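Chain identifiers are assigned alphabetically (A, B, ...) following the order of the sequence lines, protein sequences preceding nucleic acid strands; residue numbering begins at 1 within each chain. This is a predicted model, so every value here is computed, not measured.
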Amino acid sequence: MTSSEPKTPYYITTAITYPNGVPHIGHAYEYIATDAMARFKRLDGYDVMFLTGTDEHGMKIAQTAAKEGITPKELVDRNTAAYKSAHQVLEISYDRFIRTTDADHYEASQAVWKKMEEAGDIYLGKYEGWYSVRDEAYYAEDETELREDGKRYSIQTDTELTWTEEESYFFRLSQYQDKLLKLYEEQPTFGAPRSRFNEVISFVKSGLEDLSISRTTFDWGVPVPGNDKHVMYVWVDALTNYLTGVGYPDTEAESFKKYWPADVHVIGKDISRFHAVYWPAFLMSAGLELPKRVMIHGFLNNNGVKMSKSLGNVVAPADWVAQYGLDQVRFFLLREVPFGADGSYSHDAVVGRMNADLANNLGNLAQRSLSMVAKNCEGKVPQPGTLAPEDHELLARAERLLEKSRAAYEVQDFHGSLEAIWTVLGDSNAYFAEQAPWVLRKTDVERMNTVLYVTLEVLRIVSILVQPVMPTSAGKLLDVLGQHDDGARDFAAIGTALVPGTSLPAPTPIFPKYEEPAAG
RNA sequence: GGGGCGGUAGCUCAGUCGGUUAGAGCAAACGACUCAUAAUCGUUCGGUCGUGGGUUCAAGCCCCACCCGCCCUACCA
């Protein structure tokens, strides 16, 4: 590969978070997974654009702000800071943190609206439903109950409801059923995992109604072009952030031409419909290309129990990072739970991964081999002799990890990549024990050198491949292997073996073991 | 109600087209080793594959029924 060759662009997004609370481990999970994906692609030579941010409009923000006696903007300024801080703590390598209150986002949202309007897909109609004056909110039929006084109430907020009709703009979603089904058929990996995607498909097959896309009951939002009485209602505004982030409405902008359509939107299972149904329909209407993939991840629960404020089992990302360490948290989340499935976390599970996988299998392998090199090879990469079949075999397994990881990351299977890597680490520990270089030291120094060299090679390859998940720790491992950040850490360098004679720094343990605080 | 997914070792899960003694990791027990973060390696222990029928030479896998758990069934980020 020559340096003049342009890199392939790769555009990835997280969902934008509604900053009506504080970040929890579920948010962290999505950020970390997306970050790992972005880092992987960068290391693999792609020109990556990674977008994340906050969705700051809507009724709930307006209500919360009113309750606290501050303006919506003051509220979101305050709350968004907490999310930005979480990104910082988790070392999320985003290229832009978008806020839907950013000026360019207003412009983009209104431009998309106009495109859909020009396409004849937006019309003015009436939205009707059970409305709570006090909550300023509509409730679906099943969120309400008819009580003995003959009046209907919101079950959730216990407020009286009235049947209300409100002027609203609608999007002709009903016109897109066939087009969407065609999309799903032609692009079977548009949504993933398959089980979630099937739910989306069956939803579309069951028939689509037009979608109410504006409100007049509150004004905290993007004004509808040409009718200031209305603000856009959630999804038109929120989803458009993915376009704003790369320069829309300037479709001739370099970044837009380069990055759109997005390669993957990473989202939670609660918003799969909006991303896999409404979003492609909006884009078709606006005459824009569709994202290539919507990756739907599951939710995390605490030891089998759903996270909830009232149970007090909600984990703040910063607390975990302080307790276990950032890379340990990142590794745990991506190794423990197959991405796409729901997962469970517990202190014991984190400690298990942290100690068994990181400190013992990886950290100790590095420490024992590097210590021998320091003591017996003058602290330099040893010169290997002729490779034996078992050396070739182990190295071949390590080398295959690049292709395995590429295939896994292509479908956001972080768990699968890490599992394959740790299988090779298991092989390496067995190899090290079988070869017993500490015995060879006394009987066959050349063979000892070979075994240590092969082990270091495996560690080098593994370290390069775990960088997306554990950037700092993998960097430290590469430091002690004498691999500097001058290209030697890119995936392209995996085929470039260690140079015998290279001086190595004194090894120090990189993955500490978790010790339970003394009782009492 | 309708649709879908799952129930396999103490725990978390894998089991390709039905085909020999159902696998892995963790946990547990024992042994080995001493280079290493009391790490590592090996061996062993451990399952009537949710229940009951059926098809088949052969069923964890296919069919039927039932039990249990979870998810989807539009305006909530």
How is [X] classified with respect to the nucleic acid when contacts are heavy atoms under 4.0 Å: base, sugar-phosphate, or nothing?
X        : value
A/Asp210 : base
A/Trp422 : nothing
A/Gly21  : nothing
A/Ile16  : nothing
A/Leu208 : base
A/Asn20  : nothing
A/Tyr233 : sugar-phosphate

Anything under 3.5 Å between a protein N or O and an N or O of nucleotides 32-35 of chain B, put it in a table, one pair a line.
from	atom 1	to	atom 2	distance (Å)
B/C35	O2'	A/Arg368	O	3.3
B/C35	O2	A/Arg368	NE	3.1
B/C35	N3	A/Arg368	NH2	2.7
B/C35	N4	A/Arg368	NH2	3.3

Q) Taking the same atom, P, in B/G10 and in B/A28, what whole-Å distance lies between them? A) 15 Å
Q) What residues in residues 347-360 of chain A put a non-hydrogen atom under 4.0 Å from any atom of RNA chain B? A) A/Ala359, A/Asn360
Q) What are the residues of residues 191-200 of chain A, sorted by number, that bring a heavy atom to within less than 4.0 Å of RNA chain B? A) A/Arg196, A/Glu199
**Q.** Short side-chain N/O contact from A/Lys60 to OP1 or OP2 of B/C76, under 4.0 Å
**A.** no
Q.
List the residues meeting side chain to side chain donor-acceptor pair (under 3.5 Å) with A/Glu457, not counting sequence neighbours, and say none if there are none.
A. A/Arg460
Excluding sequence neighbours, so at least two apart, what forms side chain to side chain contact (heavy atoms under 4.5 Å, CB included) with [X]?
X        : result
A/Ser344 : A/Asn301
A/Glu167 : A/Leu124, A/Asn227, A/Lys229, A/His230
A/Val350 : A/Trp320, A/Tyr324, A/Phe332

Q) Is A/Glu56 salt-bridged to A/Arg99, cutoff N-O under 4.0 Å? A) yes
Q: Could you pull out all residues at least two apart from A/Tyr94 that satisfy ring-ring contact (aromatic ring centres under 6.0 Å, His included)?
A: A/His87, A/Phe97
Residues 26-33 of chain A side chain polar contacts: donor-acceptor under 3.5 Å, at least two apart:
from	atom 1	to	atom 2	distance (Å)
A/His27	ND1	A/His24	N	2.9
A/Glu30	OE1	A/His297	NE2	3.4
A/Glu30	OE2	A/Ala15	N	2.8
A/Tyr31	OH	A/Thr17	OG1	2.7

Do any N or O atoms of the protein come closer than 3.5 Å to N or O atoms of nucleotides 7-13 of chain B, and which pairs are they?
none

Q | Residue pairs fulfilling salt bridge (Lys or Arg N to Asp or Glu O under 4.0 Å) with at least one residue in residues 365-379 of chain A, sequence neighbours excluded | A | none
Q | Which nucleotide in B/C75, B/U37, B/G42 has an atom nearest any side-chain atom of A/Ala430 | A | B/G42
Q.
Under 3.5 Å for both pairing distances: what stems, at least three Watson-Crick or G-U pairs long, include RNA chain B?
A. B:1-7 with B:67-73, B:10-13 with B:23-26, B:28-32 with B:40-44, B:50-54 with B:62-66
